[in-house]
*Asks:* 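I have a structure here, written as structure tokens, and I will follow up with some questions on it.
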Amino acid sequence: MTATLVHATAVSIDGSGILLLGPSAAGKSDLALRLIDRGALLISDDAVSVKPGVDGPELYAVPNIEGRMEVRGIGIVKVAHVTHAPLRLAVELVQPIDRLPAHAENIDVAGFSVPSAKIAPFEASAPLKVEYALRMVIDAGTQPMASTPQLTQESRND
């Protein structure tokens, strides 16, 4: 099973993994902290291991930082966490965002086409928007799909 290390932060909401993507200082840890305050669990902060699983990609904590996250201005803190969760949604942290997206979008994450949403991370409503985006993906039954034949075969062999 091939793992890909991704510069991102990941949380789990009710067992569904959400990957927060953006450049350094984009607000990944800040948004994750606000989601954790609402009941999410940290998977990994700043670096996330993405591995093919039987039903699609899975997000794993990086061992040396498991259960810890950086809270800007405070330092490294311990938070409630899980070791892994299936990836259901990728959130791209962007400024500014479109008022209404033209259609459902997917992005490539470690060889998988993953449902995605674009969210301005520092808006007060950002955690709610992540939760709504996840709910829309779940309600639509949308799943990440392998974008290469090799990943499809690896997933079947695990």
Side-chain angles (χ1 to χ4, degrees), residues 1-72 79-95 97-98 101 104-123 125-148 151 154-155 158:
M1 178 185 330
T2 305
T4 302
L5 194 62
V6 178
H7 174 73
T9 294
V11 297
S12 174
I13 296 177
D14 296 330
S16 293
I18 300 164
L19 193 63
L20 305 174
L21 298 163
S24 292
K28 297 180 295 293
S29 297
D30 185 89
L31 180 53
L33 186 62
R34 289 182 284 143
L35 287 163
I36 290 165
D37 187 53
R38 295 181 54 79
L41 296 171
L42 179 70
I43 298 171
S44 198
D45 183 39
D46 201 43
V48 180
S49 183
V50 181
K51 300 178 185 178
V54 175
D55 295 320
E58 296 183 1
L59 303 173
Y60 282 82
V62 176
N64 61 334
I65 58 173
E66 186 175 328
R68 293 175 180 82
M69 71 182 301
E70 179 185 350
V71 177
R72 196 172 295 268
V79 296
H81 68 283
V82 294
T83 58
H84 66 282
L87 174 56
R88 291 300 301 271
L89 176 68
V91 174
E92 297 177 89
L93 305 184
V94 297
Q95 289 283 1
I97 58 170
D98 294 331
E105 295 183 22
N106 284 25
I107 63 167
D108 184 78
V109 175
F112 289 90
S113 179
V114 179
S116 69
K118 291 182 173 146
I119 294 179
F122 297 113
E123 290 181 349
S125 61
L128 290 155
K129 290 177 181 179
V130 170
E131 292 170 356
Y132 274 107
L134 176 61
R135 176 56 44 207
M136 291 175 73
V137 165
I138 291 170
D139 288 350
T142 307
Q143 295 282 347
M145 301 294 293
S147 55
T148 65
L151 278 174
E154 282 183 27
S155 295
D158 285 338

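Keep in mind that what you see is a predicted model, and the values were worked out from it rather than measured.
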*Asks:* Would you compute the distance between atom CD of E70 and atom CG of L33 and round it to the nearest 0.5 angstrom?
*Replies:* 11.5 Å
*Asks:* What distance separates E131 CD from D14 CG, expressed to the nearest 0.5 Å?
*Replies:* 9.0 Å
*Asks:* Compare all side-chain heavy atoms of L19 with those of V114 and state whether any distance is below 4.5 angstrom.
*Replies:* no
*Asks:* Looking only at heavy atoms, which two atoms of L89 and A117 are closest? And how far apart?
*Replies:* CD1-N, 4.1 Å
*Asks:* Return the minimal non-hydrogen interatomic distance between V109 and A90, and the atom names on each side.
*Replies:* CG2-CB, 4.4 Å
*Asks:* Out of curiosity, S16 OG to R135 CZ, how far, rounded to the nearest 0.5 Å?
*Replies:*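 The CZ atom of R135 is 8.0 Å from OG of S16, to the nearest 0.5 Å.
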*Asks:* Less than 4.5 Å apart, side chain to side chain, heavy atoms only: is that true for E92 and I119?
*Replies:* no
*Asks:* Do the side chains of V48 and T9 get nearer than 4.5 Å, heavy atoms only?
*Replies:*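 The answer is no, as the side chains (C-beta and beyond) never meet within the 4.5 Å cut-off.
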*Asks:* Return the CD1 to CG distance between I13 and L134, rounded to the nearest 0.5 Å.
*Replies:* 5.5 Å
*Asks:* Between M69 and H81, is there a side-chain heavy-atom distance shorter than 4.5 Å?
*Replies:* no
*Asks:* CD1/I65 to OG/S44 distance, rounded to the nearest 0.5 angstrom?
*Replies:* 3.5 Å
*Asks:* What's the shortest heavy-atom distance between P121 and A126, and which atoms?
*Replies:* O-CB, 3.5 Å
*Asks:* With a 4.5 Å cut-off on side-chain heavy atoms, are M136 and P115 touching?
*Replies:*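 No, their side chains stay 4.5 Å or more apart.
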*Asks:* With a 4.5 Å cut-off on side-chain heavy atoms, are E123 and K129 touching?
*Replies:* yes
*Asks:* Can you see which heavy atom on P23 is nearest to which on K28, and at what distance?
*Replies:* O-NZ, 2.9 Å
*Asks:* Is the number of heavy atoms from other residues, nucleotides or ligands within 6.0 Å of CZ (F122) greater than 12?
*Replies:* yes
*Asks:* What's the shortest heavy-atom distance between S113 and N106, and which atoms?
*Replies:* OG-ND2, 3.0 Å
*Asks:* Given L21, which partner from the list L93, V91, I107 fulfils the side-chain contact (heavy atoms from CB on, under 4.5 Å) test?
*Replies:*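 Filter result, single survivor: I107.
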*Asks:* How long is the gap from CG on L128 to CZ on R34, to the nearest 0.5 Å?
*Replies:*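 Those atoms lie 10.0 Å apart.
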*Asks:* Which atom names give the shortest non-hydrogen contact between S49 and L5, and what distance separates them?
*Replies:* N-CD1, 4.2 Å
*Asks:* Answer yes or no: is there a side-chain heavy-atom contact under 4.5 Å between E66 and T83?
*Replies:*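 SC-SC contact between E66 and T83 confirmed.
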*Asks:* Any non-hydrogen side-chain atom of D55 less than 4.5 Å from a side-chain atom of Q143?
*Replies:* no
